[in-house]
Each structure stands twice: as structure tokens, then as C-alpha cells.
Amino acid sequence: MSSVSPDKRLKMESALNQLKKCTVVVADTGDFNAIEEYKPQDATTNPSLILAAAKMPAYQQLVDQAIKYGIAKGGTEEEQIANTMDKLFVTFGLEILKKVPGRVSTEVDARLSFDKDEMVTRALRLIALYKEAGISKERVLIKLSSTWEGIQAGKELEEKHGVHCNMTLLFSFAQAVACAEANVTLISPFVGRIFDWYKENTDRKSYEPHEDPGVVSVTKIYNYYKKFGYSTVVMGASFRNTGQVKALAGCDLLTISPGLLAELSKDHSTVTETLNADTAKACDLEKIHLDEAAFRWQHNEDRMAVEKLSDGIRKFAADAVKLESMIKEKMLSVKNGQ
């Protein structure tokens, strides 16, 4: 039997498998049945993904379980719905953890994005629900919006409670610097949404992957973190195409939708590591420090980031409201014995 040359073997290997050699691949979905096929290390969820999954017939049993829990906890209708929502997010997280060896990210309600203390309280409630189900906080990342208040909530959760945080809706360099200074576990800069903004607000409608504004943003953040030895890791998120994903090969983590994971598993082009810590150390970036005033000013100077952060919070909040309405309707049916 003739042996296959290393070059030919590389050509046969999927882009997804090549990517896994230099980057931790994470599935970006609430549909845990879609996770098994691509064998990611971790998985991330958000209110929009949970809403989509909760509408699927396959997951109605989980929704019903959460509603029974919420009703049993008692209190006002508002409290019952809040408890049901928390339980639902954790229930999906628990199912996901059966499919991945690593961690799941579970998001705190986006409507709390400007209330540090409430974010901390809600995060600890989610961690307690995981603990009740026998899951250690080491396997959970709490997702928080990267507002100033969210970043400070992340800092408190990490320092005082040993809770690992994933800072989401991150679009500006100022947000990334503040997260690193807060010593949070992980950030999720949104590649695709940055790309969307530039497409909508400039004359340029297409980019080569390495010129893509979202890719450029994540590359700068990754290089800054590695150059100055921050412990916070970077997980590129919100991809629109596989070109963006491959252009960030070597990033600490990349969270990818099932659709793009499928494309990468069928793609046999060569994936080259573009980000690495050694190259980052040689990059031309200066270390900066941001207090609250400096953070707010620098973030405010980035129109794209201001617009996409507020838009992202509104969208996640709107989907949380839709999910609550769905739960309220089902809850009434249960209470009326239907």
C-alpha cells in the first residue's frame, strides 16, 4: 500500500480539522443536536439562539421542565417567569455540556446591561442552578455585555466569586482594553457585526479576509493581549463567512455557527496560522490604561462600536421579551390544566 505524502494528507484534511490544531473551536448554537457532528471543545449560547431552539418541537420537553420549575418556585408572575428563564438557559446549558468536553457560555439578561449589581446577582443565580444540577462553575462561562457596568460586574464575579466570565457584544478596542484590565477570563469580539456595519455605512461592500474590518479588529486585540501578557483570552465570534474564520486561525478560540462549521468540514483548502503569540510580541502597539472616563470617551469616539453595542443589547433584549411571552403563554396553559 503506497503511503500518502504529508502534503497530500494536508490537502485531504478538512479546514475544520486544520483549524482545530491551532485554535479551540467552539459551537455557536442553542441547538445541541447540531453540536455532536462537529465535536467542538466548548459551546456558546445567547438569548436569540435559545429563543430559536426553544421554538423547535424537539426541545419542548425542556421548556416544559423549566416552566414547572418556575411555577413551583412561586412568587409573583414576574418572579415565576424570571425563574423559568434562568432555569431554561441552564437546562439548555446542561444538555450542551453532555455534548462538549469543555465549557458552555450562558448569558445574563441583556436588559441588565447597565446595572452592575443586578448582573452579579443574576450570574450567581445561574451558577447556583448549575451547581444544583451537579455542574461545577469551572465548566460555565457567564456572558455579560461589554458595557462599563458589565465589565465591572465581570471583574467582581472573577475576583470575589471565582466565576469565569465571557464578555460579549465587544466592538471597540477600548472595550477590549478595559476587559483585560478587569482580568476577565475571555472576550468575544464580534467579527461579522463589525463587517456588517462597514458594509452598511461605507461605499465598500466586500473585503479580502485579511482586510475585513472585523478580522483587523480581532487581530489588533489578540496582538495587544499577547504583547502585554494579559491572561484574558480572545474568542472571535459572529462570523459571516469561512474566509473570516480562516483569517483568524491561531486565535485563542473561535465560536462558529453550525452552518459555517459544516462548510469548513467540507472545505479542503490549506489553513495557515495567522495569529500567534510570538509574532504578537513584535507588533507596534503601546500599552494604555483606561479608567471609566477614558473608557467612555474612547468607546464613544468609535461610532461603529457605539451603534453596534446598543443595537446588540436591544436585539438580545427583544429576543428575551419574545421568549418571556412564549413562556407566559405556556405557563397559563399549564396553570389552567390544558
Next item on the list: Might you point out which heavy atoms bring Val184 and Thr232 nearest each other, and give the distance in Å?
Entry: O-OG1, 2.7 Å
Note to self: Between Gln80 and Lys335, is there a side-chain donor-acceptor contact under 3.5 Å, judged purely by atom types and distance?
What the structure shows: yes
Note to self: Do the side chains of Glu307 and Arg303 get close enough for a salt bridge, i.e. N-O under 4.0 angstrom?
What the structure shows: yes
Note to self: Less than 4.5 Å apart, side chain to side chain, heavy atoms only: is that true for Lys55 and Met326?
What the structure shows: yes
Notebook entry, point to check: When you look at NZ of Lys205, are more than 12 heavy atoms from neighbouring residues, nucleotides or ligands closer to it than 6.0 Å?
Noted result: yes
Next item on the list: Answer yes if the side chains of Ser333 and Asn336 hold a donor-acceptor pair under 3.5 Å, and no otherwise.
Entry: no
Next item on the list: Determine whether Phe190 and Leu49 fall in the same hydrophobic cluster, where Ile, Leu, Val, Met, Phe, Trp and Tyr are linked whenever their side-chain heavy atoms lie under 4.5 Å apart.
Entry: no
Item checked: Audit row: Leu170, Ser188, side chain to side chain contact (heavy atoms under 4.5 Å, CB included) steps and yes/no -> CA-CA 6 Å; Leu170 194 145; Ser188 297; 5.9 Å; no
Notebook entry, point to check: Are Phe171 and Phe239 connected in a single hydrophobic cluster, I mean Ile/Leu/Val/Met/Phe/Trp/Tyr linked by side-chain heavy atoms less than 4.5 Å apart?
Noted result: no
Next item on the list: Return yes if a side-chain donor-acceptor contact under 3.5 Å exists between Ser269 and Lys246, otherwise no.
Entry: yes
Notebook entry, point to check: Taking the six-membered ring of Phe316, is NZ or CZ of Arg193 closer than 6.0 Å to its centre and within 45° of its axis?
Noted result: yes
Notebook entry, point to check: How long is the span from the CG atom in Leu62 to the CD atom in Gln65, to the nearest 0.5 Å?
Noted result: 5.5 Å
Checklist line | Student check: side-chain heavy atoms of Lys226 and Asn276 closer than 4.5 Å | finding: no
Next item on the list: With the side chain counted from C-beta on, respond yes when Tyr130 and Val104 share a heavy-atom pair under 4.5 Å apart, and no when they do not.
Entry: yes
Notebook entry, point to check: How about Leu88 and Leu323: do any of their side-chain heavy atoms sit closer than 4.5 Å?
Noted result: yes
Checklist line | Geometric cation-pi criterion, Lys87 with Tyr69: 6.0 Å, 45° | finding: yes
Item checked: Between Glu107 and Asn46: side-chain donor-acceptor atoms closer than 3.5 Å -> no
Check: Just wondering, are more than 12 heavy atoms of other shown residues or ligands nearer than 6.0 Å to NZ in Lys227?
Finding: yes
Next item on the list: Please step through salt bridge (Lys or Arg N to Asp or Glu O under 4.0 Å) for the pair Asp196 and Lys199, ending with a clear verdict.
Entry: CA-CA 5 Å; Asp196 294 344; Lys199 218 165 76 163; 5.5 Å; no
Next item on the list: Go through the side-chain N and O atoms of Arg103 and Asn166 and say whether any donor and acceptor fall under 3.5 Å apart.
Entry: no
Next item on the list: For atom NZ of Lys20, decide whether the heavy atoms of other residues, nucleotides or ligands shown that lie under 6.0 angstrom number more than 12.
Entry: yes
Next item on the list: Determine, step by step, whether Phe295 and Val177 satisfy the side chain to side chain contact (heavy atoms under 4.5 Å, CB included) criterion, reporting the C-alpha distance in whole Å, the side-chain angles of both residues, the deciding distance to 0.1 Å, and the verdict.
Entry: CA-CA 9 Å; Phe295 166 84; Val177 170; over 6 Å; no
Check: Side-chain contact, heavy-atom cut-off 4.5 Å: Thr45 with Asp28?
Finding: no
Notebook entry, point to check: Going by atom types alone, do Ser48 and Asp319 pair a side-chain donor with an acceptor below 3.5 Å?
Noted result: yes
Check: Taking atom NZ of Lys308 and atom CG of Asp302, what is their separation to the nearest 0.5 Å?
Finding: 12.5 Å
Notebook entry, point to check: Using a distance-only test with no angle check, is there a side-chain donor-acceptor pair under 3.5 angstrom linking Thr185 and Glu158?
Noted result: yes
Notebook entry, point to check: Same cluster for Leu169 and Val108 if Ile/Leu/Val/Met/Phe/Trp/Tyr side chains link at under 4.5 Å?
Noted result: no
Next item on the list: First locate atom CZ of Phe89, then atom OG1 of Thr106, and finally report the distance between them rounded to the nearest 0.5 Å.
Entry: 8.5 Å
Item checked: Glu132 atom CD: more than 12 heavy-atom contacts under 6.0 Å -> yes
Next item on the list: Determine whether His210 and Thr274 make a side-chain contact, defined as any pair of heavy atoms from C-beta on separated by less than 4.5 Å.
Entry: yes
Margin query: Side chains of Ile256 and Leu264, heavy atoms from C-beta outward: is any pair under 4.5 Å?
Written below: yes
Check: Between Asp252 and Tyr225, is any side-chain donor less than 3.5 angstrom from a side-chain acceptor?
Finding: no
Notebook entry, point to check: Which class fits the ring pair Phe228 and Tyr230: parallel under 30°, tilted 30 to 60°, perpendicular over 60°?
Noted result: perpendicular
Note to self: What verdict does the side chain to side chain donor-acceptor pair (under 3.5 Å) test give for Ser105 and Thr44, after you've listed the backbone C-alpha separation in whole Å, the side-chain angles of each residue and the deciding distance to 0.1 Å?
What the structure shows: CA-CA 5 Å; Ser105 289; Thr44 56; 5.7 Å; no
Checklist line | Distance (rounded to the nearest 0.5 Å) between Asp267 CG and Leu260 CG | finding: 11.0 Å
Check: For the atom pair CZ (Arg139) and CG (Leu94), what is the distance rounded to the nearest 0.5 Å?
Finding: 9.5 Å
Note to self: Less than 4.5 Å apart, side chain to side chain, heavy atoms only: is that true for Lys328 and Ile81?
What the structure shows: yes
Margin query: Under a 3.5 Å threshold, yes or no: a donor from one side chain and an acceptor from the other, between Tyr59 and Asp31?
Written below: yes
Next item on the list: Starting at CG of Asp64, measure out to OG1 of Thr84 and round the result to the nearest 0.5 Å.
Entry: 11.0 Å
Check: Less than 4.0 Å between a side-chain N and a carboxylate O, is that true for Glu156 and Lys116?
Finding: yes
Notebook entry, point to check: So, Glu118 and Arg122, do they make that salt bridge, N to O below 4.0 Å?
Noted result: no
Margin query: When you compare the side chains of Glu13 and His268, does any donor N or O come within less than 3.5 Å of an acceptor on the partner?
Written below: no
Check: Within a radius of less than 6.0 Å around NZ of Lys330, do more than 12 heavy atoms belonging to other residues, nucleotides or ligands occur?
Finding: yes
Next item on the list: Just say parallel, tilted or perpendicular for the rings of Tyr207 and Phe195, cut-offs at 30° and 60°.
Entry: perpendicular
Next item on the list: Indicate yes or no for a side-chain donor-acceptor contact from Lys137 to the backbone of His161 under 3.5 Å, with no hydrogens or angles considered.
Entry: yes
Next item on the list: Look at the rings of Phe173 and Tyr224 and say which category their plane angle falls in: under 30° parallel, 30 to 60° tilted, over 60° perpendicular.
Entry: perpendicular
